[in-house]
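The block underneath contains the structure these notes are about, expressed in structure tokens.
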Amino acid sequence: MAAETAALARGVAGAEVPVAPAGGTEDGGLGTSVDLVEKAIHAVEQGDGVLLIADLGSSVLTARLLEEAGRVVLADVPFVEGAVAAAVTAGAGAALEQVLAAADEARHFRKLTGP
């Protein structure tokens, strides 16, 4: 799920936007690896901070361990919609706070209009 969501975010926002998936364990199993998340953080860090978007369970706990105020921020946002919104906003050159706000706005995206 992480790899496909990252591919979608890059597909919408552009291949140059720094996005790195970190789902699963080193052996390809379900779960979360602190090492994989740390590697992903370092892979995308460009000096402006990193937004972590966790899906559920252990990924949230792991992300909380790696949070650093103003540098590595965990977003409480919808996984797919938040990732795409964050990537698009980051690709436009926005600051970390704006990227987080865009991801948070994804919570209110409507798929259907009307009654």
Side-chain angles (χ1 to χ4, degrees):
M1 191 164 75
E4 292 302 320
T5 300
L8 174 64
R10 280 192 301 270
V12 172
E16 69 284 350
V17 176
V19 175
T25 59
E26 285 87 350
D27 62 1
L30 294 176
T32 308
S33 163
V34 172
D35 291 337
L36 291 178
V37 176
E38 285 181 325
K39 286 178 186 175
I41 290 169
H42 294 298
V44 300
E45 174 62 53
Q46 297 182 340
D48 298 325
V50 174
L51 189 65
L52 300 177
I53 300 178
D55 57 357
L56 50 91
S58 64
S59 65
V60 174
L61 299 174
T62 300
R64 293 195 127 195
L65 289 173
L66 299 173
E67 281 184 293
E68 293 180 35
R71 182 178 166 273
V72 179
V73 177
L74 173 60
D76 182 14
V77 302
F79 187 70
V80 175
E81 294 90 338
V84 171
V88 168
T89 305
L96 181 60
E97 300 81 28
Q98 294 168 306
V99 173
L100 175 58
D104 190 52
E105 282 181 34
R107 176 180 326 282
H108 305 290
F109 289 171
R110 305 261 326 153
K111 293 180 176 96
L112 302 175
T113 59

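Count residues from 1 along the sequence. These numbers come from the heavy atoms of this one structure, side chains and all, not from hydrogens, waters or symmetry mates.
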What heavy-atom pair brings [X] and [Y] nearest, and what distance separates the two atoms?
X	Y	answer
A103	A86	CB-CB, 4.0 Å
E26	D35	OE2-CB, 3.4 Å
A83	A9	O-CB, 4.0 Å
A54	S59	CB-OG, 3.4 Å
A2	A22	CB-N, 4.3 Å

Original post:
Could you state the interatomic distance from CZ (R10) to OG1 (T5), rounded to the nearest 0.5 Å?
Top reply: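 Between atom CZ of R10 and atom OG1 of T5 there are 10.5 Å.
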Original post:
How many angstroms lie between CG in L52 and CG in L66, if you round to the nearest 0.5 Å?
Top reply: 7.0 Å
More than 12 heavy atoms of other groups within 6.0 Å of [X] [atom1]:
X	atom1	value
R64	CZ	no
E4	CD	no
L30	CG	no

Heavy-atom check, side chain of [X] versus side chain of [Y], under 4.5 Å:
X	Y	value
T32	L61	no
E68	V50	no
V72	E38	no

**OP:** Using a strict cut-off of less than 4.0 Å between a Lys/Arg side-chain nitrogen and an Asp/Glu carboxylate oxygen, indicate whether K111 and E81 qualify as a salt bridge.
**Re:** yes
Original post:
Quick one: do V17 and V44 end up in the same hydrophobic cluster if we chain Ile, Leu, Val, Met, Phe, Trp and Tyr together by side-chain heavy atoms under 4.5 Å apart?
Top reply: no
Original post:
Who else is in the cluster with V77 when I, L, V, M, F, W and Y are joined by side-chain contacts under 4.5 Å?
Top reply: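 Result for V77 is M1, L8, V12, L51, I53, V73, F79, V80, V84, V88, L96, V99, L100.
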Original post:
Do you see a donor-acceptor pair shorter than 3.5 Å between the side chains of D27 and T25?
Top reply: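 Yes, a side-chain donor-acceptor pair sits under 3.5 Å.
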Subject >> Q98 side chain to T89 side chain, donor-acceptor N/O pair below 3.5 angstrom >> reply: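 Judged by distance alone, the side chains do not pair up.
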